[in-house]
Protein chains: 2
Amino acid sequence: MSRILEPLTIGKVARLAGVGVETIRFYEREGLIEEPPRSASGYRQYSKEAVARIRFIKRAKELGFSLKEIKELLELRIDPETTCEDIRNRAKAKIEDIDRKIDSLLKMKSVLERLMATCRGREPVSECPILEALEDREK
Amino acid sequence: MSRILEPLTIGKVARLAGVGVETIRFYEREGLIEEPPRSASGYRQYSKEAVARIRFIKRAKELGFSLKEIKELLELRIDPETTCEDIRNRAKAKIEDIDRKIDSLLKMKSVLERLMATCRGREPVSECPILEALEDREK
DNA sequence: CTTGACTCTGTAGTAAAGTATAGGGTTTAA
DNA sequence: TTAAACCCTATACTTTACTACAGAGTCAAG
């Protein structure tokens with residue numbers, strides 16, 4: 001019930017988010033997560049939101065976003081003096097970027113599916129040269 | 001008509017693929033593209049397929065694949081002594097990975113779309129805190 | 001009340017993926 | 001026929017994103 005009252009140490013956050021302790025301090029230095037409050041002895045005290053934020057950073061990296069781009073994504077909400085119009089423009093650009101990524105992934109997927117469909121049994125691979133397509137028609 | 005007879009130099013390939021000359025030599029050393037034939041004076045001679053291959057590498061990187069993973073994707077066709085069964089298994093794993101990426105991107109996209117929809121006019125941003133969702137429900 | 005597992009700051013080292021430079025040969029267009 | 005613009009190898013440097021100490025303080029279990 002009262003889990004907000006029990007702040008997480010950096011080690012617990014690291015375990016929950018699946019990263020190392022040093023990585024969290026690194027993200028803090030880089031401005032990807034804000035400096036958390038400290039205990040009397042100087043220990044960082046995190047809330048559960050920090051875990052979600054770090055997991056998001058981790059996943060976004062796996063999707064090909066750089067830390068710089070991820071910071072921009074995260075800043076699509078904290079900025080205190082940006083207009084909604086500005087936010088909308090930035091969000092639109094990100095959506096377009098995401099759409100392009102999805103397109104490329106779908107293309108890769110369909111080529112792999114064709115490969116699987118054509119490549120049956122246990123004949124040698126030279127009989128399955130469908131992947132030519134994967135390397136073509138990119139825009 | 002006879003464009004196969006005119007091989008491309010490394011500089012032309014680099015320009016066509018949108019990378020630097022050094023990057024191509026680096027990919028060759030890393031085994032991502034095979035060593036091309038050489039001219040009498042030792043110049044590398046590329047075909048247009050090389051351009052497609054390098055473009056594919058470039059795009060796959062932007063989708064969050066490491067060079068090691070990209071190599072695996074490209075090897076889904078050249079190997080001369082793999083069975084189709086093996087290829088099918090490897091392709092299946094790649095498709096699953098791609099599906100997970102697409103899922104995450106769709107999730108990010110829908111959150112950004114909700115942000116744009118909610119955030120109208122020119123009110124300050126604190127009125128648009130929809131992005132909370134972006135940081136959650138990953139899995 | 002101590003010992004082992006934390007935490008802190010600060011700095012240094014690493015892996016991946018390029019990018020640049022040195023020192024040399026080649027092609028081509030004026 | 002020469003100078004700009006290429007290419008070659010080999011090696012060194014850079015950037016991004018961590019990862020690993022060193023040296024010191026803190027906390028919690030037995």
Side-chain angles (χ1 to χ4, degrees), chain A residues 5-47 50-51 53-75 97 101, chain B residues 5-48 50-51 53-75 97:
Chain A
L5 302 173
E6 316 234 324
L8 300 164
T9 62
I10 197 170
K12 279 175 191 150
V13 172
R15 239 168 286 127
L16 289 168
V19 302
V21 164
E22 302 302 330
T23 302
I24 296 178
R25 290 199 272 252
F26 171 71
Y27 287 163
E28 183 182 313
R29 284 199 299 283
E30 297 294 304
L32 281 145
I33 53 186
E34 52 188 287
E35 297 190 24
R38 300 293 184 114
S39 73
S41 51
Y43 284 22
R44 287 172 181 80
Q45 298 179 303
Y46 294 98
S47 65
V51 178
R53 200 174 169 96
I54 292 163
R55 280 202 190 128
F56 172 77
I57 294 170
K58 203 184 167 212
R59 186 64 184 144
K61 259 193 337 171
E62 291 163 7
L63 298 170
F65 294 98
S66 67
L67 292 188
K68 187 167 167 293
E69 288 168 324
I70 293 168
K71 203 178 164 194
E72 285 165 18
L73 281 167
L74 290 166
E75 278 165 358
D97 181 22
K101 287 190 189 236
Chain B
L5 303 172
E6 317 232 324
L8 300 163
T9 63
I10 196 171
K12 277 174 194 153
V13 172
R15 239 169 286 127
L16 289 168
V19 303
V21 163
E22 302 302 330
T23 301
I24 296 178
R25 291 199 272 249
F26 171 70
Y27 287 164
E28 183 182 314
R29 283 199 299 282
E30 297 295 303
L32 282 145
I33 53 187
E34 52 187 285
E35 297 189 24
R38 302 290 185 118
S39 73
S41 52
Y43 284 23
R44 288 172 181 80
Q45 297 179 305
Y46 294 97
S47 64
K48 324 200 98 170
V51 177
R53 201 175 168 96
I54 292 163
R55 280 203 190 125
F56 171 76
I57 295 170
K58 200 182 169 214
R59 187 62 184 144
K61 260 195 336 170
E62 291 162 10
L63 298 170
F65 294 97
S66 67
L67 292 189
K68 187 168 167 293
E69 290 169 323
I70 294 167
K71 205 178 163 195
E72 285 166 16
L73 282 168
L74 290 167
E75 277 165 359
D97 180 23

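Quantities reported herein were computed from a predicted structural model and do not represent experimental measurements. The chains referred to below are lettered A, B, ... by the order of the sequence lines, with proteins before strands, and numbering in each begins at 1.
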side-chain N/O B:Arg44 vs D:dC8 OP1/OP2, d < 4.0 Å
yes

Euclidean distance, A:Phe56 CZ relative to A:Leu32 CG, rounded to 0.5 Å:
10.0 Å

Using a 4.0 Å heavy-atom cut-off, write out nucleotides 13-26 of chain D from 5' to 3' as B (base contacted by protein), S (sugar-phosphate only) or - (no contact).
----BBBBB---BB

The reported gap from NZ in A:Lys58 to NZ in A:Lys61 (rounded to nearest 0.5 angstrom) is 8.0 Å

Students often get this wrong, so: under 4.0 angstrom with heavy atoms, is B:Ser39 touching a base, only sugar-phosphate, or nothing?
nothing

What pairs with A:Ser47 under side-chain contact (heavy atoms from CB on, under 4.5 Å), at least two apart in sequence or on another chain?
A:Glu49

Would you kindly give the CG-to-P distance between B:Leu8 and D:dC6, to the nearest whole Å?
15 Å

Got a sec, which residues hit side chain to side chain donor-acceptor pair (under 3.5 Å) with B:Gln45, two or more places apart in sequence or on another chain?
none

Taking salt bridge (Lys or Arg N to Asp or Glu O under 4.0 Å) as the definition, give me every residue that meets it alongside B:Glu30, ordered by chain and number, with sequence neighbours left out.
none

Could you tell me the boundaries of the chain B footprint on DNA chain C, defined by atoms under 4.0 Å from its heavy atoms?
C:dA17 to C:dT27

Double-helix bend of the helix from C:dC1-D:dG30 to C:dA30-D:dT1, axes at both ends from 5 pairs, round to 10°, gives 10°

Shortest non-hydrogen pair, A:Ile24 vs A:Ile10, comes out as CD1-O, 3.8 Å

Judged by atom type as modelled, is there a donor-acceptor pair below 3.5 Å linking the side chain of B:Arg44 to the main-chain atoms of B:Leu8?
no

Sequence neighbours left out, what pairs pass salt bridge (Lys or Arg N to Asp or Glu O under 4.0 Å) with at least one residue falling in residues 9-27 of chain B?
B:Glu22-B:Arg25

Residues at least two apart in sequence or cross-chain that pass side-chain contact (heavy atoms from CB on, under 4.5 Å) with A:Phe65, listed by chain then number, are A:Ala60, A:Leu63, A:Glu69, A:Ile70, A:Leu73, A:Asp97, A:Ile98, A:Lys101, B:Leu105, B:Met108

Please name all residues satisfying side chain to side chain donor-acceptor pair (under 3.5 Å) with A:Thr9, sequence neighbours left out, ordered by chain then number.
none

